[in-house]
Novice: 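Sharing a structure below in C-alpha cells format, with a few things to ask.
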Amino acid sequence: DSVDITAVTRDIFSLGAKLGGRTSAPEFSIYDANLAGRGQRLEFSGVIDGSRNPTFGYGGYYRKRSVLGSLVNVEVGYTQLNTGTSYGDEYEFAYFLFINRPLVSPYSRLAGGAEISNNWSVNVYEEPDSTFLDYNYKVFDSWIGYNLGIKNVFANRNRYFIALRYLDGFFVDSPEQEEYQEDRDYNSIKGVLSEFTFYRKNYYKTRYVYGFGRTEDVPYGVTAAFTSGYLRELQLDRPYAAVKINYGQASKRGNFYVLDFQTGGYLRNSALEDLLVTARASYYTKALNVNRSKLRGVVSGGFSQLFSRTTDNYLNIRKSEVRGLSADTLNGTQRISAHVETVLYTPRSILGFRFAPFIGLDWASLDCINCNE
C-alpha cells in the first residue's frame, strides 16, 4: 500500500558575479541564486561612474520562491540603477514589491500577480533644469486568473483560462516641459482588462536551448487569447480589444519552430485607433554533434505595423531587435527585424563554469518619420 521514491537532483552553481559597463564606469553584481538551499535569491549591484552624482550607485533585491510551499514568488528591492519599472526616459530610482503565482502546470487552478512600486527620476548626470524631466509615479498592477478544464482526462490537453487585471499608473509629478504634457509615458493610466485564453500545450524535453546542458521542457502546441477592457489615458476613455495566437511545434529529430501573431487596438467614435499588428516566427535547429560539443542554430524574423496612431508610442528599434542598440529616439509606424545565431556548447569547464561561444547577426529596418529632423 505504499511506494518508496528516491529523487536525485543536480543543482547548478548558485554563486555568481557579473562585471560590465565601460572602463570609466564599471558595473558589477554579485548574487546567490539559491541562498541556504531554500529557493532564495539575493543580489547586490553597483556602478562607479565619475560623471554621475553620487559617483556610486547601488541596488539590490531579495526573491523567495514558493513561499511556505504556496507556489507564490515574492520579490522586494530598491535600486538607484534605473532597473525598476522605468516608464520614463530619465535615470530612475525605485523601490518595489512583486508578487507572482505562475500557472505551473495544466492542472493548477489559480494564478496571479501584483506589482507595487514607487519610481522617481533623479538628475544624477546634472542636466540643465530646462532639459531634465522631473517626475514621480506610483504603480499598482494586479491580476488573477482561474484555470478551467483541469478535470479533463489526461489525453485531453485542452484548457481554458479566464483572467481579470486592474492597473493604475499614477503620476504624482509630471515633467514641466510643455512638449511632454501630452506624452502617454508621463501621464496616468488606469483601466480594467479581462482575458479568455484557450490553450493546448505539451512539452518537448531537450537540452541546449535556453540553458547550458540542463534538461529543459520546451512548450509546444497552440494558445489563443482574446482580451477586452476599458482604459483611461490622456483624458481619453476608450474600450480596448486584442487577439493573440501562438503556435509551436517540435519534431522527434530535435528541431522546432514558434509562430506568434498579435493585434490590438482601441475604439472611439466608431473608428479604430492605435491598432498594432505584430507577427514573429522563430526556427531552432536540432543540436548537432561536433566532436564532443553541441551546435545549435536559430533563425527568427518579425514584422510590426501601427495604424491610426493617437496616443500609443511610435515603433522604434529596441535591444530585443538589435542587441546592444537602443534607437528609442527614432519614431516609425512599421518595423521589420531578423536574427540569425549559431551557438557552440563546449564540454570544457573551469571552476564549474562552462563556455558557449556564439556568432550572431541582427538586422532591423524602421519606416522612420523623423530621421530627417
Novice: Taking all atoms of both residues into account, what is the closest heavy-atom pair of L306 and N313, and its distance?
Specialist: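 Looking at all heavy atoms of both residues, the shortest contact is CD2-O, 3.7 Å.
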
Novice: Do we see a donor-acceptor contact under 3.5 Å between the side chains of D134 and N123?
Specialist: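 Side-chain D/A pair, D134 to N123: absent.
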
Novice: Has the side chain of E90 got a donor or acceptor atom that lies under 3.5 Å from a matching backbone atom of L133?
Specialist: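 Yes, because the side chain of E90 sits within donor-acceptor range (under 3.5 Å) of the backbone of L133.
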
Novice: When you compare the side chain of Y166 with that of F140, does any pair of heavy atoms fall below 4.5 Å?
Specialist: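 Answer yes - side chains close enough.
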
Novice: Quick check: closest heavy atoms across F161 and G145, and the distance to 0.1 Å?
Specialist: CZ-CA, 3.4 Å

Novice: Is there side-chain contact between V192 and L164, with heavy atoms separated by less than 4.5 Å?
Specialist: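 A side-chain contact under 4.5 Å exists here.
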
Novice: Quick one: salt bridge (charged side-chain N to carboxylate O under 4.0 Å, His left out) partners of E115, sequence neighbours excluded?
Specialist: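 In terms of salt bridge (charged side-chain N to carboxylate O under 4.0 Å, His left out), with neighbours along the sequence ignored, E115 is linked to no residue.
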
Novice: Are any side-chain N or O atoms of D260 and backbone N or O atoms of R280, one a donor and one an acceptor, separated by less than 3.5 Å?
Specialist: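 Side chain of D260 to backbone of R280, a donor-acceptor pair under 3.5 Å: no, none is there.
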
Novice: What heavy-atom pair brings S308 and L272 nearest, and what distance separates the two atoms?
Specialist: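 Closest approach of S308 to L272, heavy atoms only: CB-O, 3.6 Å.
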
Novice: Do Y61 and V76 share a hydrophobic cluster, counting only Ile, Leu, Val, Met, Phe, Trp and Tyr and linking them when any side-chain heavy atoms are less than 4.5 Å apart?
Specialist: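 They do not share one cluster, since no chain of ILVMFWY contacts under 4.5 Å joins Y61 to V76.
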
Novice: State, to 0.1 Å, how close N118 and W120 come at their nearest heavy-atom pair, and which atoms those are.
Specialist: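 Taking every non-hydrogen atom into account, O-CZ3, 3.5 Å.
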
Novice: Could you tell me the separation between the CZ atom of R335 and the CG atom of L330, rounded to the nearest 0.5 Å?
Specialist: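 R335 CZ to L330 CG: 11.5 Å, rounded to 0.5 Å.
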
Novice: Could you tell me whether the side chain of T79 reaches within less than 4.5 Å of the side chain of Y95, counting heavy atoms only?
Specialist: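 Of all side-chain heavy-atom pairs linking T79 with Y95, none is under 4.5 Å.
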
Novice: Checking the side chain of T263 only, and the main-chain atoms of L276 only, is there a donor and an acceptor separated by less than 3.5 Å?
Specialist: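 Yes; judged by distance alone, with no hydrogens or angles, the pair exists.
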
Novice: For a quick test of reading the model, state the closest non-hydrogen atom pair linking N187 to Y180 and the distance between them.
Specialist: ND2-O, 4.0 Å

Novice: Under 4.5 Å between any side-chain heavy atoms of V139 and D168, yes or no?
Specialist: no

Novice: Could you grab the distance from atom OG of S45 to atom OH of Y58, nearest 0.5 Å is fine?
Specialist: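 Atom-to-atom, S45:OG and Y58:OH are 12.5 Å apart.
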
Novice: According to the interplanar angle, ranging from 0 to 90°, do the rings of Y78 and F93 count as parallel (below 30°), tilted (30 to 60°) or perpendicular (above 60°)?
Specialist: perpendicular

Novice: Is it the case that N255 and Y283 place a side-chain donor and acceptor less than 3.5 Å from each other?
Specialist: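 Side-chain D/A pair, N255 to Y283: present.
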
Novice: Is a side-chain donor or acceptor of Q40 paired with a backbone partner of A36 at a separation under 3.5 angstrom?
Specialist: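 No.
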
Novice: Classify the angle between the aromatic ring planes of F171 and Y186 as parallel (below 30°), tilted (30 to 60°) or perpendicular (above 60°).
Specialist: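 Perpendicular: the ring planes of F171 and Y186 meet at over 60°.
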
Novice: For Y230 together with Y240, are the ring centres under 6.0 Å from each other?
Specialist: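 Ring centres of Y230 and Y240 not closer than 6.0 Å.
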
Novice: Parallel under 30°, tilted from 30 to 60°, perpendicular over 60°: which one fits the rings of F28 and F56?
Specialist: parallel

Novice: Is there any salt bridge (charged side-chain N to carboxylate O under 4.0 Å, His left out) pair reaching into residues 37-64, and which pairs are they, with sequence neighbours excluded?
Specialist: R22-D49, R41-E43, R63-E75

Novice: Does the pair E195/K244 count as a salt bridge with the N-to-O cut at 4.0 Å?
Specialist: yes

Novice: For the residue pair Q249 and Y247, confirm or rule out a side-chain donor-acceptor distance under 3.5 Å.
Specialist: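 A donor-acceptor contact under 3.5 Å links the two side chains.
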
Novice: Regarding E92 and N82, do their side chains bring together a donor and an acceptor under 3.5 Å, going by distance alone?
Specialist: no

Novice: Taking the side chain from T285 and the backbone from G297, do they hold a donor-acceptor pair closer than 3.5 Å?
Specialist: yes

Novice: When rounded to the nearest 0.5 angstrom, what is the spacing between CG in L288 and CG in L344?
Specialist: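 Separation between the atoms: 10.5 Å.
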
Novice: Could you tell me whether E233 and R238 have a side-chain N and a carboxylate O separated by less than 4.0 Å?
Specialist: yes

Novice: Say you draw a straight line from NZ of K286 to CZ of R253; how long is it, rounded to the nearest 0.5 Å?
Specialist: 8.0 Å

Novice: Mind checking whether D367 and L315 have side chains closer than 4.5 Å, heavy atoms only?
Specialist: no

Novice: Taking D141 first and then R165, would you say they form a salt bridge - that is, a charged N and a carboxylate O separated by under 4.0 Å?
Specialist: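 Yes, charged N to carboxylate O under 4.0 Å.
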
Novice: For the pair D32 (side chain) and L15 (backbone), establish whether a donor and an acceptor sit closer than 3.5 Å, ignoring hydrogens and angles.
Specialist: no

Novice: Are any side-chain N or O atoms of D274 and backbone N or O atoms of D312, one a donor and one an acceptor, separated by less than 3.5 Å?
Specialist: yes

Novice: So, N289 versus K294: side-chain donor-acceptor pair below 3.5 Å or not?
Specialist: yes

Novice: When rounded to the nearest 0.5 angstrom, what distance separates CZ in R309 from CG in N331?
Specialist: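 One gets 7.5 Å once the value is rounded to the nearest 0.5 Å.
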
Novice: Are a donor atom and an acceptor atom from the side chains of Y199 and N147 found within less than 3.5 Å of each other?
Specialist: yes

Novice: Parallel, tilted or perpendicular: which fits the ring planes of Y137 and Y87, with parallel below 30° and perpendicular above 60°?
Specialist: parallel

Novice: Return yes if some donor-acceptor pair links the side-chain N/O of R184 with the main-chain N/O of T311 below 3.5 Å, else return no.
Specialist: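 Checked: pair present.
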
Novice: Rounded to the nearest 0.5 Å, how far apart are OG1 of T346 and CG of L295?
Specialist: 12.0 Å

Novice: Side chains of S121 and Y135: closer than 4.5 Å at any heavy-atom pair?
Specialist: yes

Novice: Say whether, by atom type as modelled, one donor and one acceptor occur between the side chain of S66 and the main chain of L71 under 3.5 angstrom.
Specialist: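 Checked: pair present.
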
Novice: Test your reading of the model: is there a side-chain donor-acceptor pair from Q181 to the backbone of Q177, 3.5 Å cut-off?
Specialist: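 It does hold such a pair.
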
Novice: With sequence neighbours left out, what residues match E341 under salt bridge (charged side-chain N to carboxylate O under 4.0 Å, His left out)?
Specialist: R323

Novice: What's the shortest heavy-atom distance between T85 and N119, and which atoms?
Specialist: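 Shortest heavy-atom contact: N-OD1, 3.9 Å.
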
Novice: Do the non-hydrogen side-chain atoms of F307 and T333 ever get within less than 4.5 Å of each other?
Specialist: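 The answer is no, as the side chains (C-beta and beyond) never meet within the 4.5 Å cut-off.
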
Novice: I want to know whether F226 and F196 have ring centres closer than 6.0 Å.
Specialist: no

Novice: Is the shortest side-chain heavy-atom distance between L234 and E182 below 4.5 Å?
Specialist: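 Result yes, sub-4.5 Å side-chain heavy-atom pair found.
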
